[in-house]
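Comments concern the structure below.
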Amino acid sequence: MNQAVILAGGQGKRMKAPIPKPMFQVLGEPMLAWVLGACEQAALSRICVVTGYEAKQIEDYLGDRCRTVLQAERLGTGHAVQQSIPFLQEDTDGSTLILCGDAPFIDSETITDSLARHEAEGNAVTVITASVENPFGYGRILRSGSGIAGIVEEKDATDEQRSITEINSGCYWFRTADLITLLGKLTNDNAQNEYYLTDTIAIALREGMRAGAYCSRNPDVVLGANDRQGLLKLNTAARMAVMRQHMANGVGFSCTDGIIIERSVKIGAGTEILPGTILRGNTVIGENCVIGPNCVMEDTVVGDDVRLNTVQAYQSRIDAGVQMGPFVHIRPNSHICSGAKIGDFVEIKNTTIGEDTAIAHLAYLGDSDVGKGVNIGCGCVTVNFDGVKKSRCVIGDHAFVGCNTNLIAPVELGKHAYTAAGTTVTTDIPDYALAIDRGVLHIKDGYSLRKFAVKGKKGSKDNK
Amino acid sequence: MNQAVILAGGQGKRMKAPIPKPMFQVLGEPMLAWVLGACEQAALSRICVVTGYEAKQIEDYLGDRCRTVLQAERLGTGHAVQQSIPFLQEDTDGSTLILCGDAPFIDSETITDSLARHEAEGNAVTVITASVENPFGYGRILRSGSGIAGIVEEKDATDEQRSITEINSGCYWFRTADLITLLGKLTNDNAQNEYYLTDTIAIALREGMRAGAYCSRNPDVVLGANDRQGLLKLNTAARMAVMRQHMANGVGFSCTDGIIIERSVKIGAGTEILPGTILRGNTVIGENCVIGPNCVMEDTVVGDDVRLNTVQAYQSRIDAGVQMGPFVHIRPNSHICSGAKIGDFVEIKNTTIGEDTAIAHLAYLGDSDVGKGVNIGCGCVTVNFDGVKKSRCVIGDHAFVGCNTNLIAPVELGKHAYTAAGTTVTTDIPDYALAIDRGVLHIKDGYSLRKFAVKGKKGSKDNK
Amino acid sequence: MNQAVILAGGQGKRMKAPIPKPMFQVLGEPMLAWVLGACEQAALSRICVVTGYEAKQIEDYLGDRCRTVLQAERLGTGHAVQQSIPFLQEDTDGSTLILCGDAPFIDSETITDSLARHEAEGNAVTVITASVENPFGYGRILRSGSGIAGIVEEKDATDEQRSITEINSGCYWFRTADLITLLGKLTNDNAQNEYYLTDTIAIALREGMRAGAYCSRNPDVVLGANDRQGLLKLNTAARMAVMRQHMANGVGFSCTDGIIIERSVKIGAGTEILPGTILRGNTVIGENCVIGPNCVMEDTVVGDDVRLNTVQAYQSRIDAGVQMGPFVHIRPNSHICSGAKIGDFVEIKNTTIGEDTAIAHLAYLGDSDVGKGVNIGCGCVTVNFDGVKKSRCVIGDHAFVGCNTNLIAPVELGKHAYTAAGTTVTTDIPDYALAIDRGVLHIKDGYSLRKFAVKGKKGSKDNK
């Protein structure tokens, strides 16, 4: 069957971090994940990743997702592929795709179409190429009548060859049996004493094998990053591509500044995304929402017609018609039901907020089940932790929880229960009942005259 | 008199939303509003808007602002203008400007100057044109000695004609009487079976009428949007143009990222706008302020020397010398008087805050009248809603409201009144008086030793 | 000795603010400070700044940092330098560098290398030049075999001269004695009746002195700003240059939008900076942190492995492994020790937070010393101000401060002390003791049925 070998042993010294280069992230995912995803989307399930620098990080990241083989010494790209020979020998029937783990923009269409060309032409090797405006630094493709006549590196190219704009992406399809043969013939007879994978092309041609090229419609397949600036460019390209795709789907952007949307995010038509909004992971946004400015959403599912203004939400669910913000924090495992309104400086954690419930300001609801039509006053706190264990609060439908109420969990307020402002609730409250623990208000006349005498009646305006 | 017909019947299918194309927004206003505004600024008060797709949305938006006529079937731009013939026939004396409702950057100077040319040359029709670097896709203007010889579309143009960089904006001045005549001669004898308004030029020339062209100094008059990417480009062009205008007026920007300032906003010289700031509607900012980062202001009037850091304010007034933020929410109908200081996590709603009053942190003042020189402690809440009705709190000058005070509205604190921390105030407090409802503090020795024994004295550090 | 004269008398009328042009800021520092810094880095300690418009602002800013001399009338650049003749006469041995106070990107390498050339060639004057793509508007350098033959201004240049891309930066090294001589020969015999410093070149050549040129490797040395748009461009160039330098050091940026990092800031390798983050002054960030989105840090020192999400911090210290946010405000003189977790809507001011202490939500800690392993509940407030004086709170290690606790300063909680939710603590609490001042909770059955009867049992869902 057809299979892939992904080269992922590189270090990326100029990144200045002890991370294998393919593990640096583009739009929240390691570059290696982009390459693997393209393979999987192209139905290549037999994959071997060649590791090298900090191999364990890649092994840990991949887990059981695919095979790995270690290139213990780094002696060139050909040497890297040689490490996969035992993998290749397990199934020599089809073709093998060689990919670079740090060139994230390879796509499944390029993989599929280049394979079709490779097979139709009966090539031993098919180079995946791209046509670029500025080919400087890349290997140029020398076309011949019936295939390619070779690849010439920048430093070896004549002026005429340098003007060629079709370049080598570093990705190749090989007939697997031929690849094993060609790898066996590689030498390190060069200045660096390395085994170069590109040398297989010349060997194949010399041996009378057929070498072809497939020029991808996506010139970004060649892009990689050697330093943080290059990585920023990849991120920018990916950010803009993702946003263009959402625009094609009917999502509105009036300014894309500071917006980062990971590839996995889905957004419905008619929704507007405002600047500074970051959408990560398995976040799904419905239709006709307005999200932003400055929202951060992670693995959160949002219904239609939702308005979120400066909200951060993690691993939660926000149903249709909810309005939140500004300055709201929704922590994991929360569920805000349809029509709820959450105002400013509110935290919700591991809590369900019922339909049409209002939490207008400055409150914390944690480990709680809040019913529908409830009103939570300003300053209310669910006291869900006593220093030893967490407990839940249950608040019945249409309850009215007065301002600065403390609910000492575990506790339950009945339907239409009412708590007076400033009450600390330590026991369950029946349906329709009022809970109040208000003391006696003492008024002491002339107090300020005496107190502020020490400051010469300057008053009390300064509280920095 | 002179008048205008605005074509606003288009759908914009690639926008993927059931909204007429001229209703998509650029910088917070429908494109149609930009076009109408340019007409009105050029003193064209007699305006007819031709609707089509989702006509009701445009009719509802326009209200009494101008006339509309429905193009029930969409049979081309000429057919659209034909629908306005009854409107045209009401006043055939002057000239009629035809505009595209989805080309927002037409400006009053172009309208006025092209009319002057139109009248001076005694033209039956004057095409408004622009000179652009890349004319691809636009109709090219064929100039003749004394006017124009025609307009040739991209697909019909010779190579030489394609190199012409003066293009048709799709806007025209017609002598009204001639327009009615020309509309009567339009045919749909073409591949699409549509009536094209541009055909009127050829008919006019054939009939011996004079056709001229006016090349606008503003090449953006031709810009429109067919999809969300195009709309983003219009928004970006408008955003940058607005900011350039403010810079010319002496407003400072050290980084324009994420800044969106609607056209209606006014900003004084010497003010700095920091990134991520969104200014909407009738917002007016004074001189020498620092606004941002990440402020959102809507219909809010701000005095001189104000410092707002991460503040959202809506339909409110903020006087000179106020300092606010970070993380403040000013809701509608609030008035923050001169010299007040509002700190972090504070909401003000429908409330007046007097001069030099300080609200340093974590407080909610709603439906209240707060005097001058007042100090509002952390955690103070105006309990303005009892579940049935809203009531107001009044806080006298130089009052000192202790931390976590609940003011149960309606209630009034006198001048220099003082509330102890944690007090719930349920009755009016006289001038200079102290209000306190503190209970008895019980101390139980060794409590933690017993309580945390269940956890093996692990302590109490984990409150996630 | 060698010395520098910096011309800083210009007004910048188009800036529309009563500020001398060199005092407008690029990346948080006056342009003059950039120029001074380059001199000081190049070991030029004898510096004279020529002031003019609003001279006092510059004098106040400079203080004792360097000499100033006032150009009372503004009669040209030559006249400006003439004002420094008394300064020059104090030490005529070496050479004098003339710099523009509003061209901030002069760098110490250019200063040092141009001086070396100036001295090696034995020039009377050496013009610092740059080679730019678009020389329009600048004086062009006319090279001769052994030096330069003159500088020709745009308006006086032939077509051939206009094609020269080496331009005058406006900065020059003069042998000090020759400069004094040349200044004495300047005339104002021109259209503007001004004394031009560039005329000294022609005079020097005429007198048989040697004039040379040094072309800087940094073409930005010529950049200045005449209006707010120009100032924005300088800021953008500086912002991107600073970020590129951090990237070279291993700092990660996935999107640079809205990020402003002043030159003085230090950031460790492996740290990621997210959009909208502003880092000012003497801020130092450790390694492997994640800072942002939307953080604002000023003069704050942050350890390694810190995670800050939407945090503003000023003049404080945040130790390794701290996690904060979203929505946190750290005010001056705070110290957050290693492993502490600060959650949402928390303000810390002039306070030490001990190791591994948790403050999860909605709290204010001011003027306090909080121990290690402490848990601060939601809504807790240190009542540090009584209207007359500020006092401190001390919270012992492993204390558990219940929700909505008021600590009336001065007060001390012992180790492992525990306060019940809603308690107001007015006296010191011993180690391991519980403090509680809870009243009696009254429950009134059927209250809501009666209360909401007035609204026809509509419930209590609306609290806008």
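Numbers restart at 1 for each chain; the letters A, B, ... are given by sequence-line order, proteins then strands.
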So what's closer than 4.5 Å to chain B heavy atoms on [X]: side chain, backbone, both or neither?
X	result
C/A363	backbone
C/V328	backbone
C/T423	side chain
C/L232	both
C/I278	side chain
C/V346	backbone
C/L362	both
C/T256	backbone
C/D397	neither

### Query
Under a 4.0 Å N-O cut-off, is there an ion pair linking C/R331 with B/D344?
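Looking at C/R331 and B/D344, the cut-off is not met.
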Can any side-chain N or O of [X] pair as donor or acceptor with the backbone N or O of [Y] at less than 3.5 Å?
X	Y	value
B/S254	C/N235	no
C/R228	B/A248	no
B/D257	C/G258	yes

### For B/A269 against C/K16, the heavy-atom pair lying closest together
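For B/A269 versus C/K16, the nearest heavy atoms are CB-O, 3.7 Å.
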### Message
Testing the basics here: between B/C255 and C/I260, what is the closest heavy-atom pair and its distance to 0.1 Å?
### Response
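In this case the closest contact between B/C255 and C/I260 is CB-CD1, 3.9 Å.
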### B/L274 portion near chain C, given a 4.5 angstrom heavy-atom threshold
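Side chain only.
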### Query
Is chain C contacted by the side chain of B/E287, its backbone, both, or neither, given a heavy-atom distance below 4.5 Å?
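For B/E287, there is no contact with chain C at all, as no heavy atom is under 4.5 Å.
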### Task
Mind ranking B/I259, B/N288, B/N309 by heavy-atom pairs under 4.5 Å with chain C and telling me who comes out on top?
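Ranked by contacts with chain C, first place is B/N309.
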### Query
Would C/N404 and B/N404 satisfy side-chain contact (heavy atoms from CB on, under 4.5 Å), going step by step from the backbone distance to the final call?
CA-CA 8 Å; C/N404 273 323; B/N404 273 323; 3.9 Å; yes
Can you find a heavy atom in the side chain of [X] that is under 4.5 Å from one in the side chain of [Y]?
X	Y	value
C/L434	B/I443	no
C/D437	B/V440	no
C/P430	B/D445	yes
B/F345	C/F327	yes

### Task
Under 4.5 Å, counting heavy-atom pairs only, tell me which of C/D431, C/D386, C/V425 racks up the most with chain B.
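The answer is C/D386.
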### Query
Relative to chain B, which of C/N294, C/T236, C/I408, C/L231 shows the most heavy atom pairs under 4.5 Å?
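Ranked by heavy-atom pairs under 4.5 Å with chain B, first place is C/N294.
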### Task
Check the angle between the aromatic planes of B/F452 and C/Y418 and answer parallel, tilted or perpendicular using the 30° and 60° thresholds.
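Because their plane-to-plane angle lies in the 30° to 60° range, the rings of B/F452 and C/Y418 count as tilted.
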### Query
What's the verdict on side-chain contact (heavy atoms from CB on, under 4.5 Å) for C/F400 and B/Y447, showing C-alpha distance, side-chain angles and the deciding distance?
CA-CA 11 Å; C/F400 183 95; B/Y447 175 85; over 6 Å; no
### Task
Apply the test side chain to side chain donor-acceptor pair (under 3.5 Å) to residues C/Q312 and B/T310: give CA-CA distance (whole Å), side-chain angles for both, the deciding distance (0.1 Å), then the verdict.
CA-CA 10 Å; C/Q312 298 208 3; B/T310 315; 3.1 Å; yes
